[in-house]
Amino acid sequence: MTTRVIIVDDQAMVRAGFAALLAAQSDIDVVGEAPDGARGVELSRRTHPDVVLMDVRMPEMDGLEAARRLLAPPPGVTHRPRVLMLTTFDVDDYVYEALRAGASGFLLKDAPPADLIAAVRVVASGDALLAPSVTRRLIADFAKQRPARRGKPAQRLKGLTERETEVLTLVARGRSNTEIAEDLVLAEQTVKTHVSRVLTKLDLRDRAQAVVFAYESGLVTAGE
């Protein structure tokens, strides 16, 4: 199965470089490019990509607003691509807000080519790109600056079983399914089932949103 990708970035050289790299992969098809968020949204609506590589900072409409429009489309628009944010900074408030909006993760623009290719494949498969060394730190840094939203998010935690709460806590700490299985002495497939139930019960799209939710609800605090 071929993954359809569009690239949204205001730098033509960046778009061209990413497009050439991804188009060389037999399982990836670059179906378009756009120089700003507004045109990126329009292009996505027209081409229906599986993954949108979205720059964070752009003129006209930035990547955050574009991601919000793609991930929460207006009535009548059913297509919702996976969005992978691109940034030159490993800690960026825009990226945090994009994760809250439903983006599947982020990637530094100077990441090795192999990381870009792997990121597109990971996100296309329906998983989130959560590199513990970067994404967890980003979320933790901004969680320190914001009090936990202990109202509705904390109330939603009550719908989880004790085991599901344990799994969510470990997801928020950056553990993979394999690591969670080892920590809790469970089969990896059982962990996957628990993660799926957590996402369903909390109405979250993927692990990226689950990590943000865990911090904002107060289940996990920065520095733990």
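Numbering of residues begins at 1 and proceeds along the displayed sequence.
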What do the steps show when you test Val30 against Ile7 for side-chain contact (heavy atoms from CB on, under 4.5 Å), and what is the final call? CA-CA 8 Å; Val30 178; Ile7 302 164; 4.2 Å; yes
Show your working on side-chain contact (heavy atoms from CB on, under 4.5 Å) between Leu184 and Leu170 and close with a plain yes or no. CA-CA 10 Å; Leu184 300 181; Leu170 292 173; 3.9 Å; yes
Test log, rule side-chain contact (heavy atoms from CB on, under 4.5 Å), inputs Leu160 and Leu157: CA-CA 6 Å; Leu160 301 182; Leu157 285 172; 4.0 Å; yes
Begin from the C-alpha positions of Ile180 and Val171 and carry the test side-chain contact (heavy atoms from CB on, under 4.5 Å) through to its verdict. CA-CA 8 Å; Ile180 294 172; Val171 167; 3.7 Å; yes
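Closest of all the heavy-atom pairs between Leu199 and Ala210 is CD2-CB, 4.0 Å. Residue Ala98 comes nearest to Leu64 through the heavy atom pair N-CD1, 3.5 Å, listed as atom of the first residue, atom of the second, then distance. In terms of heavy atoms, Met54 sits closest to Met58 at SD-CE, 3.8 Å. Considering all non-hydrogen atoms of both residues, Thr3 and Val51 come closest at CG2-CG2, 4.1 Å. Nearest heavy-atom pair across Arg15 and Ala34 is CD-O, 3.4 Å. For the pair Asp10 and Pro59, the tightest heavy-atom approach, listed with the atom from each and the gap, is OD2-CD, 3.5 Å.
Evaluation of the side chain to side chain contact (heavy atoms under 4.5 Å, CB included) rule for Ser26 yields no partner, not counting sequence neighbours. In terms of the salt bridge (charged side-chain N to carboxylate O under 4.0 Å, His left out) criterion, Arg4 has no residue partners (sequence neighbours excluded). By the side chain to side chain contact (heavy atoms under 4.5 Å, CB included) test, Gln209 pairs with Leu204, Arg205, Asp206, sequence neighbours left out. The side chain to side chain contact (heavy atoms under 4.5 Å, CB included) check on Thr2 picks up Asp29, with sequence neighbours excluded. With sequence neighbours left out, Val122 forms a side chain to side chain contact (heavy atoms under 4.5 Å, CB included) with Asp127, Leu129. Residues satisfying the salt bridge (charged side-chain N to carboxylate O under 4.0 Å, His left out) test with Asp36, not counting sequence neighbours, are Arg39. Asp27 is linked by a salt bridge (charged side-chain N to carboxylate O under 4.0 Å, His left out) to Arg121, counting only residues two or more places apart in sequence or in another chain. Not counting sequence neighbours, Arg45 has no partner by the side-chain hydrogen bond (donor to acceptor under 3.5 Å, both in side chains) test.
Remark: Thr193 OG1 to Arg163 CZ distance equals 13.0 Å, nearest 0.5 Å. With rounding to the nearest 0.5 Å, the separation of CZ in Arg173 from CG in Leu219 is 8.0 Å. Summarising the geometry, atom CG belonging to Leu168 is positioned 7.0 Å from atom OG belonging to Ser217; distances are rounded to the nearest 0.5 Å.
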Just distance, no hydrogens or angles: give the donor-acceptor pairs under 3.5 Å from side chains in residues 70-85, sequence neighbours left out.
unit_1: His79; atom_1: NE2; unit_2: Pro49; atom_2: O; d: 2.8
unit_1: Arg80; atom_1: NH1; unit_2: Leu71; atom_2: O; d: 2.8

Identify each donor-acceptor pair in which a side-chain atom of residues 106-118 lies under 3.5 Å from a protein atom, sequence neighbours left out, and give them as a table.
unit_1: Lys109; atom_1: NZ; unit_2: Asp9; atom_2: OD2; d: 2.8
unit_1: Lys109; atom_1: NZ; unit_2: Asp55; atom_2: OD1; d: 3.2
unit_1: Lys109; atom_1: NZ; unit_2: Asp55; atom_2: OD2; d: 3.4

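For residues 176-197, the salt bridge (charged side-chain N to carboxylate O under 4.0 Å, His left out) pairs, not counting sequence neighbours, are Arg175-Asp183. Annotation: ring pair (Phe, Tyr, Trp, His ring centres under 6.0 Å) contacts involving residues 185-209, sequence neighbours excluded, are absent.
Not one N or O on the side chain of Glu42 forms a donor-acceptor pair closer than 3.5 Å with the backbone of Ala38. A donor-acceptor pair under 3.5 Å links the side-chain atoms of Thr169 to the main chain of Thr165, judged by distance alone.
You'll find the side chain of Phe18 stays beyond 4.5 Å of the side chain of Val5, heavy atoms only. Taking the side chain as every heavy atom from C-beta outward, Val8 and Met61 never approach each other to under 4.5 Å.
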